[in-house]
Amino acid sequence: MYPLGWALLHLFLVASFSQADEQVCTQRGDTENPQLVKDGDILLGGLFSFHTNWRERQNTYMEKPVPLQCTSLNFREFQLAQAMLFAIEEINNSSDLLPDISLGYKIYDTCGSIARSVRVTLALVNSNEIVASPSKACTRPAQVQAIMGETSSSPCTAIATVMGPFHIPLISHFATCACLSDKVKYPSFLRTIPSDYYQSRALAQLVKHFGWTWVGAVRSNEDYGNNGMATFIETAQELGLCVEYSVSFFRTDSSENIQKIIDIIKGSTSKVIVTFLSHMDLDILLHELSVHNLTGYQWVGTEAWIFDSQTAERDINHILDGAIGLSIPKAHVTGLRDFMLDVRPLNSSNAELFTEFWEALFNCQFKQPKSTEIRRKCTGEEDINRVENSFTDMSLMPIFNNVYKGVYAVANALHRILSCNKTCNKHAQLDPFTILQNIQRSNFKTKEGDQVYFNENGDPAAKYEIINWQPGENGIVDFVTVGLYDATLPTDKQMNLQNKSIIWTQNSLKVPVSVCSEKCPPGTRKVLQKGKPVCCYDCIRCAEGEISNITDAITCVRCPPESWSNDRRDACIKKKAEFLSYDEIMGILLSTASLFGTFITFFVAFIFYRHRKTPLVRANNSELSFLLLFSLTLCFLCSLTFIGRPSEWSCMLRHTAFGITFVLCISCVLGKTMVVLMAFKATLPGRNVMKWFGPTQQRLSVLSFTLVQVIICTLWLTISPPFPSTNFKEYKDKIILECSLGSAVGFWSVLGYIGLLAMLCFICAFLARKLPDNFNEAKFITFSMLIFCAVWITFIPAYVSSPGKFSVAVEIFAILASTFGLLICIFIPKCYVMLLKPERNTKKHMMGKGAAK
């Protein structure tokens, strides 16, 4: 058994080693060969879409798929590749940068296919060996130390995802998607063009600047368009802008999908269209717009097409005339144009591609096919200087400059890593991660003076020119710079525009209007329309007492209490202060009545004084009569204190003077009434009452009654006196200047005491009404008290219900009416006798012994 075991073990080991020798790594699929190649000490990779499309192929899954057949040659990408070759050639010829180190390149055609982009990227990193020996380490250095490209954002996201784990730098010259700034997902991605994060925000600020609050949005259905437009819409919402519609498409979409977009644009009300479209997608859309003749829209574009002369040439129906947008700042690279137009060196790399390129460039053919239209034959001696097409157009120089700067960023990083001075350390081990770190730390100037550096996200500084499409001679569009945008400046200084030099759609010099609702003028406020965006609203006039003094006010502001809104509701004006003044008709009439009453009272006093020794005056207690006339004068005059602008002294004086003078007046009337009653009763046998109501007692009674009112008024003025106040409630548009009562108890106590004395006087006069006619003034006092009480009883509801200055007028009227009533009823009959019937003014007549009539 022992020899048998050794034999089996020996057989197993031999089989194992034999199997190990046979293990190899075999490449799947076809070998990818570069379209342009040049050896060098250090290789750089390049990815460019020399073709923009490919032929569709039907996979049967029964046999191996045929290689991708690329179509639609793209001169722009040849220009970009030439810019890369120019930078490499310039560095190789330089003694200051990477001396004695030659840079080589491998450049692939991606055909606009993301899948092919990833495939050829892996070919750049690996070699094209079909079989790999296991003796070689899997950790060998990558074939290329950095990759230049791609032009579009979507291929870059795919490539950067694959290259990220290997830390091989991918430097794009035109991929602007903000998503690529994510260093977690794309750690090895850098670019020499600003991120769309800045461009999207700049576009939103541009739209806001021109007052376009209602816009449409069209984007490419890829990373560039979707991410760029998402940032734009987010920023637009922050700035109060509204997007009526946001549609997307890709150049390979069906015609039905394109037609839907055309229908949406036709049915929209917005007149401004913001685009995040690649130039290839815009070409498809532009063709359909031309078919439907959709002119009159203001287009806002991005750097992808706004300064593209080919797009302008295809716009034969002037759909995009007056377009405005952001572009990369103009640039110049000395010697690049001459190098780019020298295309013969391309023939040394790929004869088949060069042949196709030459035929397309000169519109000729080397071999004439039998079944196609005949074109002139190529000689190979054609002169490129006699050709004018997109390849000879240098309007994309800013993008060429981006490629140029990317190559120099790699070269400067290698220069530091290889410790180059006059010579470089060729034995230094190149590590992709070290190269990536050094590129990220790059900060240098190109020969043209452009500063090149990257921020922490691998992005350069965001600076844009604002371009306006203006019609030039022979229908050629001029790309006119009308402003600048620099994201490195403070927010309020980032955008600098020259509005006067802009030509808008349809060659208009007037800024287009694109709003869902017109601006709400001052005096109105915005009310959102139900179910619509915030930019769609109705303008509602501010209510009375409210204003809005700005355009598009959200709310109306209530005026301060002392102000009121004007008719336009855009300003608060000082309310007119209203009070009973001497300048208005009512004030003039009342003051005239007061002065007239005062004059009549003086005239009556004068008559009484002239006839003071006559029996009529002496019989009616001349002392009380003159005191009554004096008090009536004061009553007439105190009404004047109610007229005029209220002040502290006038408010305290008007009510207290009124109360005291009226009590004095009523006290005198009451005294006269008591004298009549006492005189009548004194004539009866056994009655000697006059000794209790002589002149002294009469004076004391008047003084006592008046003193009570003085005490009430003093307490009122001491505790809570009347004061001037402003009444904002009676009228919306007026301020009522009035005297506040202070203490309502005090006011009604004054009136109540006057009413009490008036009722007492009325009762006494009523009791004396049947005395003999010739000696009876009691009935006149009765009439006067009836008038007095009637006036003041009706005064109370009228005073309470009258607004503002009319309550003051009611009070003055009550004072004047009651005073005139007393004056006329008590004194006018006596004046009539003294002036017109002197024969009755005798003692005999007064005693009733003369003729009755």
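- Looking at Thr235 and Thr231, their side chains come closer than 4.5 Å, going by heavy atoms from C-beta outward.
- Around atom NZ of Lys185, no more than 12 heavy atoms belonging to other residues, nucleotides or ligands sit under 6.0 Å away.
- A donor-acceptor pair shorter than 3.5 Å can be found between the side chains of Gln451 and Asn443.
- For Asp39, the CG atom is loosely surrounded, since the number of other residues' heavy atoms within 6.0 Å does not exceed 12.
- Put simply, CD1 on Ile101 and CD1 on Ile91 are 12.5 Å apart, with the number rounded to the nearest 0.5 Å.
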Disulfide bond (SG atoms under 2.5 Å apart) between Cys177 and Cys156, worked out: CA-CA 9 Å; Cys177 179; Cys156 282; over 6 Å; no
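- Between the side chains of Asp196 and Asn227, not a single donor N or O lies within less than 3.5 Å of an accepting N or O.
- Between the side chains of Gln199 and Thr176, no donor N or O sits under 3.5 Å from an acceptor N or O.
- Under the 3.5 Å distance criterion, with hydrogens and angles disregarded, no donor-acceptor pair is assigned to the side chains of Ser94 and Asp96.
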Between Asp393 and Ser390, does a side chain to side chain donor-acceptor pair (under 3.5 Å) hold up when you go through it step by step? CA-CA 5 Å; Asp393 177 25; Ser390 58; over 6 Å; no
For the pair His173 and Glu150, evaluate side chain to side chain donor-acceptor pair (under 3.5 Å) and give the outcome as yes or no after the intermediate values. CA-CA 7 Å; His173 48 274; Glu150 249 254 21; over 6 Å; no
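- For Phe86, the CZ atom counts as densely surrounded, since its 6.0 Å shell holds more than 12 non-hydrogen atoms of other residues, nucleotides or ligands.
- At a cut-off of 3.5 Å, with distance as the only test, no side-chain donor of Asn412 or Ser442 sits close to an acceptor on the other residue.
- Side-chain contact annotation: Thr71 with Asn53, donor-acceptor N/O pair under 3.5 Å absent.
- Using modelled atom types, no side-chain atom of Ser188 and backbone atom of His167 make a donor-acceptor pair closer than 3.5 Å.
- Contact check for Ile88 versus Asn92: side-chain heavy atoms found under the 4.5 Å cut-off.
- For Thr275 and Trp305, the side-chain atoms include at least one donor-acceptor pair closer than 3.5 Å.
- The CZ atom of Arg251 sits 6.0 Å away from atom CD of Glu222, with the distance rounded to the nearest 0.5 Å.
- Taking the six-membered ring for Trp, Phe391 and Phe357 have ring centres closer than 6.0 Å.
- Between the side chains of Trp358 and Glu382, a donor-acceptor pair is found at a separation under 3.5 Å.
- Heavy atoms from other residues, nucleotides or ligands lying under 6.0 Å from OH of Tyr453 number 12 at most.
- Aromatic rings of Phe50 and Phe78 (six-membered ring for Trp) have centroids within the 6.0 Å cut-off, being under it.
- With hydrogens and angles left out, the side-chain atoms of His51 and Asn74 include no donor and acceptor closer than 3.5 Å.
- Taking the side chain as every heavy atom from C-beta outward, Thr334 and His332 approach each other to under 4.5 Å.
- In this structure, the ring of Tyr404 has its center less than 6.0 angstrom from the ring center of Tyr408.
- At a threshold of 4.5 Å between non-hydrogen side-chain atoms, the residues Gln143 and Lys106 count as touching.
- Looking only at side-chain heavy atoms (C-beta outward), Glu303 and Pro194 stay at 4.5 Å or farther from each other.
- Ser49 and Glu77 are not linked by any side-chain donor-acceptor pair at a separation below 3.5 angstrom, with hydrogens and angles left out of the test.
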